[in-house]
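The structure appears right after this line, and notes come after that.
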Amino acid sequence: MDRWALLTVALPLAAALLGHLLADILGRRVAQLSIGLSLGTFVASVALLAGTLGGAPAATLALADDWGLLLLDPLSSLMAVVVSGISLIVHLFARRYMAEEAGYARFFVLLDLMTAALLVMVSAGDLITLLVAWHLVGVLLYFLLGQDVRSPTAYRYAFWTLLTYRIGDLPLVLAAGLLFHAYGTWSLPEIFAAMAAGPQAQVLGLPLPEVVGGLIALAAFARSAQFLLHTWLPYTMGGPTPVSALMHAGIVNAGGFLINRFAPVFVHTGDVLH
């Protein structure tokens with residue numbers, strides 16, 4: 001399980017690095033390299049999901065001491081297959097669709113980096129890793145939407161999306177700070193276990209699960225373009241078509257993933273859950 005989890009995250013990062021270093025040598029063939037490693041990522045994610053369905057217990061893979069945890073559980077395994085599968089389809093489509101566009105190699109490097117960021121996001125086992133990946137998704141989307149550097153419109157729309165994302169991310173940052181202050185750890189499994197043992201914890205005289213659940217819901221609504229926080233979504237139509245497709249591999253639906261990941265928090269809420 002650990003091997004497949006590492007491959008799932010490492011292969012798109014390797015594709016981005018090799019694509020950047022070998023762009024001048026490979027030329028248009030950089031797309032073939034990217035597609036090949038994307039296929040490997042999808043195979044690794046399927047193997048990871050098969051292990052989970054086979055009864056492998058949920059576990060965490062530590063890449064550092066206090067953060068850099070990868071959570072190997074049914075949710076992360078399933079989302080990894082969704083992300084890598086749609087990413088592979090987008091890679092295949094973009095190979096010809098982007099052939100006449102400037103920055104061909106740069107586009108595939110960004111595509112691979114986005115895939116890696118999404119895979120880290122869905123498998124993050126601690127708040128720091130989750131926040132870093134969550135932030136990187138917004139930054140990389142800015143560059144993908146602004147792929148046509150000659151278009152002022154593309155730049156303006158990409159910047160508006162980035163700005164909206166940064167505002168919508170503030171509730172998630174605040175929720176992470178409150179959870180760490182309350183439980184003294186960044187680890188999501190430890191936080192969920194502590195909250196289950198003592199759901200009556202409070203912050204500023206208010207129930208902690210209610211406050212954190214409300215903040216996470218706001219962050220999820222902003223990322224998923226729910227009403228009143230949806231104004232950025234129409235502007236993304238100015239970006240390349242493959243980017244619009246990739247947005248459904250974990251960008252727009254990241255809000256749904258976030259609520260599912262923090263389900264152990266929402267089960268202790270009343271009004272927020274409703």
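Note that the structure is predicted; figures quoted are calculated from it, not measured.
A distance-only check finds no donor-acceptor pair linking the side chain of Ser34 to the backbone of Val30 [under 3.5 Å]. Side-chain N or O atoms of Ser224 include one that pairs as donor or acceptor with a backbone N or O of Val252 at under 3.5 Å. A donor-acceptor pair is defined here as one N or O able to donate and one able to accept, closer than 3.5 Å; no such pair exists between the side chain of His20 and the backbone of Ala16. Proximity of a side-chain donor or acceptor of Arg223 to a complementary backbone N or O of Trp134 within less than 3.5 Å is detected. Of the possible donor and acceptor atoms, one in the side chain of Asp126 sits under 3.5 Å from a partner among the backbone N and O of Leu69. In this structure a side-chain-to-backbone donor-acceptor pair under 3.5 Å is present from Thr129 to Gly68. Not one N or O on the side chain of Ser77 forms a donor-acceptor pair closer than 3.5 Å with the backbone of Pro74. Remark: the backbone N or O of His135 is not paired with any side-chain donor or acceptor of Tyr165 at under 3.5 angstrom.
When all heavy atoms of Phe257 and Met79 are compared, the pair lying nearest together is CD1-CG, 3.9 Å. Looking at every heavy atom in both residues, Ala80 comes nearest to Val122 through N-CG2, 4.3 Å. Minimum heavy-atom separation, Val272 to Gly214: CG1-N, 3.6 Å. Contact record, Leu33 with Gly19: CD2-N, 4.1 Å, taken as the closest heavy-atom pair. The two residues Gly168 and Ala222 make their nearest non-hydrogen contact at CA-CB, 3.6 Å. Between Gly270 and Glu210, the closest heavy-atom pair is N-OE2, 2.6 Å.
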Q) Given the rule in the side chain to side chain contact (heavy atoms under 4.5 Å, CB included) test, do Trp4 and Val46 qualify, once you have shown the distances and angles that lead to the verdict? A) CA-CA 9 Å; Trp4 294 121; Val46 170; over 6 Å; no
Should Asp112 and Thr115 be marked as a side chain to side chain donor-acceptor pair (under 3.5 Å) after you check the CA-CA gap, both sets of side-chain angles, and the distance that decides it?
-> CA-CA 5 Å; Asp112 290 323; Thr115 302; 5.1 Å; no
Chi angles and distances behind the side chain to side chain contact (heavy atoms under 4.5 Å, CB included) call for Val267, Leu273 = CA-CA 7 Å; Val267 297; Leu273 182 59; 6.0 Å; no
Go through the steps for Tyr183 and Leu208 under the test side chain to side chain contact (heavy atoms under 4.5 Å, CB included), then give the verdict.
CA-CA 11 Å; Tyr183 300 111; Leu208 180 64; 3.6 Å; yes
Report task. Using the side chain to side chain contact (heavy atoms under 4.5 Å, CB included) rule, take Leu72 and Thr52 through it: C-alpha gap first, then chi angles, then the decisive distance, then the call. Result -> CA-CA 8 Å; Leu72 311 180; Thr52 302; over 6 Å; no
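In this structure, Ile191 and Leu127 have side chains that are in contact, with non-hydrogen atoms separated by less than 4.5 Å. Between Leu215 and Val211 the shortest side-chain heavy-atom distance falls below 4.5 Å. Considering only heavy atoms from C-beta on, Leu130 comes within 4.5 Å of Leu258 through its side chain. Side-chain atoms of Ser76 and Arg261, non-hydrogen and from C-beta on, do get closer than 4.5 Å to each other. For the pair Phe262/Phe192, a side-chain contact is recorded, criterion being any heavy-atom separation below 4.5 Å from C-beta on.
For the atom pair CE of Met195 and CD of Glu190, the computed distance is 13.5 Å after rounding to the nearest 0.5 Å. To the nearest 0.5 Å, atom CZ of residue Phe266 and atom CG of residue Asn260 are 9.5 Å apart. Atom-to-atom distance recorded for Trp186:CH2 and Ile128:CD1 is 5.0 Å, nearest 0.5 angstrom. Leu136 CG to Leu141 CG: the interatomic distance, rounded to the nearest 0.5 Å, is 12.0 Å. Phe107 contributes atom CZ, which lies 6.0 Å from atom CG of Leu144 (distance to the nearest 0.5 angstrom). Rounding to the nearest 0.5 Å gives a distance of 6.0 Å between CG of Leu179 and CD1 of Ile216.
In this view, Arg166 and Asp169 satisfy the salt bridge (Lys or Arg N to Asp or Glu O under 4.0 Å) rule, not counting sequence neighbours. By the side-chain contact (heavy atoms from CB on, under 4.5 Å) test, Leu11 is found to be paired with Leu7, Leu37, Thr41, residues two or more places apart in sequence or in another chain being considered.
In the hydrophobic clustering of ILVMFWY residues, with side-chain heavy atoms under 4.5 Å counting as a link, Leu163 and Val173 come out together. Grouping the Ile, Leu, Val, Met, Phe, Trp and Tyr side chains by contacts below 4.5 angstrom, directly or via other members, places Leu218 apart from Leu172. In the hydrophobic clustering of this structure, Leu71 does not group with Leu119; members are Ile, Leu, Val, Met, Phe, Trp, Tyr whose side-chain heavy atoms approach within less than 4.5 Å, directly or through other members. Hydrophobic clustering (side-chain heavy atoms under 4.5 Å, transitive across Ile, Leu, Val, Met, Phe, Trp, Tyr) keeps Leu170 apart from Phe180. Tracing side-chain contacts under 4.5 Å through hydrophobic residues (I, L, V, M, F, W, Y), one reaches Val109 starting from Tyr104; they form part of the same cluster.
Atom CZ of Phe159 has 12 or fewer neighbouring heavy atoms from other residues, nucleotides or ligands inside a 6.0 Å radius.
For the side chain to side chain contact (heavy atoms under 4.5 Å, CB included) criterion with Ser45, the lone passing option out of Val9, Val81, Leu78, Leu88 is Val81.
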